[in-house]
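Reviewing the structure listed below.
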Amino acid sequence: MNKEQNNTEHTLATEQGTFVYTVNHNKISIKRYRGMAENITVPDIIDAMPVTGIERKAFLSCKTLKEIQLPESVEEIGDWAFAHAESLRTIILPAVVPVRGKELFLGCKRLKEIFFGKDNLEENRKLGLGRMMAMAVTVLHDYFLFDPQEIGSDAWVKRWDEKLLGLVRLDDLDGFEELWTCGEEDYEGKDYDIKSYPVEKRKMKLRIVYFRLLHPYKLSQMAQEELKQYLRSHTKGTAEPEAWDIIIEEHSEALAYYKIFAEAGCINNENFDALLADMAKVGAEAKAYLLRYQEEHLEKKDAFAAFALDW
């Protein structure tokens, strides 16, 4: 195939949409995608040639894309390949990490999981490793963790937790001056000022803290205690009670969150009644758990008096 043919763009129309591609040395590179699919599986073979490349900006700003799987044949992914795919939640990459460009997932605010290959996918999901990998590049901003050979290893988990603790320790106004100076929004859908910015910053941190405590894979005792202390410092009754607000606003029926909250020592005699009052619209299971916790861990009170609250 001559040079002119190699530079020519071709199209492959599928039920998922249209892939625009180029050919070079009998290998296919996906140049861009056109379509509105939510789930995409990039083909591994086109015109009897392997798909080995995803070019820069190939899936840039694909607003509807929620899940994408690349074939094992892919050897290189270009800059900003999936940037600003704002609905993207899950991506499955080749088991052997390809040569990659910069900021692959820039602006992918909803990216939840990154997996390398389909083997052991459910086990990795259960351990939280896919979520940890997504957070590594979107929240912790550490592409050194973007390594399928190391993911889950002692050293990898230790580095991940060090990055998380570093984030937790940052001042809640960190980044605000840059945000204000640039006139940009770091958080989608709201206009943030100096009062609301630190609140949202703490909520962002707390979401990751809850996740890590819910998935304590190789989490050291020292790191675990620091994360629990962060929850305690933001429990109900403190000046910044976002650890409780997160549960009521986002996970009110998820018993696991209440258990993490309780095990961290966030429930006490001083805040118990206020916690229970906030649960007016919460299901009976969570309320029963809180009452049982009071019965077993707090000073003895008349538990039946709690039912006098106007639920």
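At least one donor-acceptor pair under 3.5 Å links the side chain of Gln16 to the backbone N or O of Thr41. Side chain of Asn271 to main chain of Lys236: a donor-acceptor pair is present (N/O by atom type, distance under 3.5 Å, no hydrogens or angles). Between the side chain of Trp80 and the backbone N or O of Leu60, no donor-acceptor pair lies under 3.5 Å.
We find that Arg232 and Glu225 are joined by a salt bridge, their nearest charged nitrogen and carboxylate oxygen being less than 4.0 Å apart. A salt bridge does not link Lys203 with Asp245: every distance from a Lys NZ or Arg NE/NH1/NH2 to an Asp or Glu carboxylate oxygen is 4.0 Å or more. Salt bridge absent: Arg207 and Glu242 never bring a charged side-chain N and a carboxylate O closer than 4.0 Å. No salt bridge links Arg100 with Glu76; every basic N to acidic carboxylate O contact stays at or beyond 4.0 Å. The residues Asp161 and Arg212 are annotated as salt-bridged, a charged nitrogen and a carboxylate oxygen being separated by less than 4.0 angstrom. A salt bridge is defined here as a Lys NZ or Arg NE, NH1 or NH2 lying under 4.0 Å from an Asp or Glu carboxylate O, and Arg159 with Glu150 fails to meet this definition. The pair Arg169-Glu226 counts as a salt bridge, with a side-chain nitrogen and a carboxylate oxygen less than 4.0 angstrom apart.
Atom NZ of Lys63 is surrounded by more than 12 heavy atoms from other residues, nucleotides or ligands within 6.0 Å. Surrounding NZ of Lys228 are more than 12 heavy atoms belonging to other residues, nucleotides or ligands, all under 6.0 Å away. Enclosure of atom CD in Glu296 by more than 12 non-hydrogen atoms of other residues, nucleotides or ligands within 6.0 angstrom is indicated. No more than 12 heavy atoms of other residues, nucleotides or ligands shown are found within 6.0 angstrom of NZ on Lys158.
Between Leu127 and His215 there is no side-chain heavy-atom pair separated by less than 4.5 Å. Taking 4.5 Å as the limit, some side-chain heavy atom of Asp47 sits within range of a side-chain heavy atom of Tyr21. Using a 4.5 Å heavy-atom threshold, the side chains of Lys205 and Tyr230 count as touching. Side chains of Leu231 and Leu227 form no contact here, defined as non-hydrogen atoms less than 4.5 Å apart. Side chains of Thr18 and Leu12 form no contact here, defined as non-hydrogen atoms less than 4.5 Å apart. Using a 4.5 Å cut-off on side-chain heavy atoms (C-beta onward), Arg32 and Phe19 make no contact. Annotation: side chain of Asp154 is in contact with side chain of Lys218 (closest heavy-atom distance under 4.5 Å). Under the 4.5 Å side-chain criterion, counting only non-hydrogen atoms from C-beta, Phe261 is not in contact with Ile246.
For Leu206 against Ala243, the heavy-atom pair with the smallest separation is CD1-N, 3.5 Å.
Between Trp160 atom CH2 and Leu219 atom CG the span is 9.5 Å, to the nearest 0.5 Å. Taken from CZ in Phe82 to CD1 in Ile114, the straight-line distance is 9.5 Å, to the nearest 0.5 Å. One distance of note links OG of Ser61 with CD of Glu86; it measures 7.0 Å at 0.5 Å rounding. Taking CZ of Arg202 as the start and CG of Asp172 as the end, the distance is 4.5 Å to the nearest 0.5 Å. For the atom pair CD of Glu123 and CG of Leu121, the computed distance is 10.5 Å after rounding to the nearest 0.5 Å. Here CD of Glu67 is found 5.0 Å from OG1 of Thr90. Values are rounded to the nearest 0.5 Å.
A centroid separation of less than 6.0 Å is found between the aromatic rings of Phe59 and Tyr33. Between Phe146 and Tyr143, the ring center distance clears the sub-6.0 Å criterion.
The only option from Arg89, Lys66, Arg131, Arg125 that meets the salt bridge (charged side-chain N to carboxylate O under 4.0 Å, His left out) definition with Glu113 turns out to be Arg125.
A donor-acceptor pair shorter than 3.5 Å cannot be found between the side chains of Glu240 and Ser233. Residues Trp156 and Asp147 bring no donor and acceptor atom of their side chains to less than 3.5 Å of each other.
The aromatic rings of His251 and Tyr257 sit parallel, their planes meeting at an angle under 30°, below the 60° perpendicular limit.
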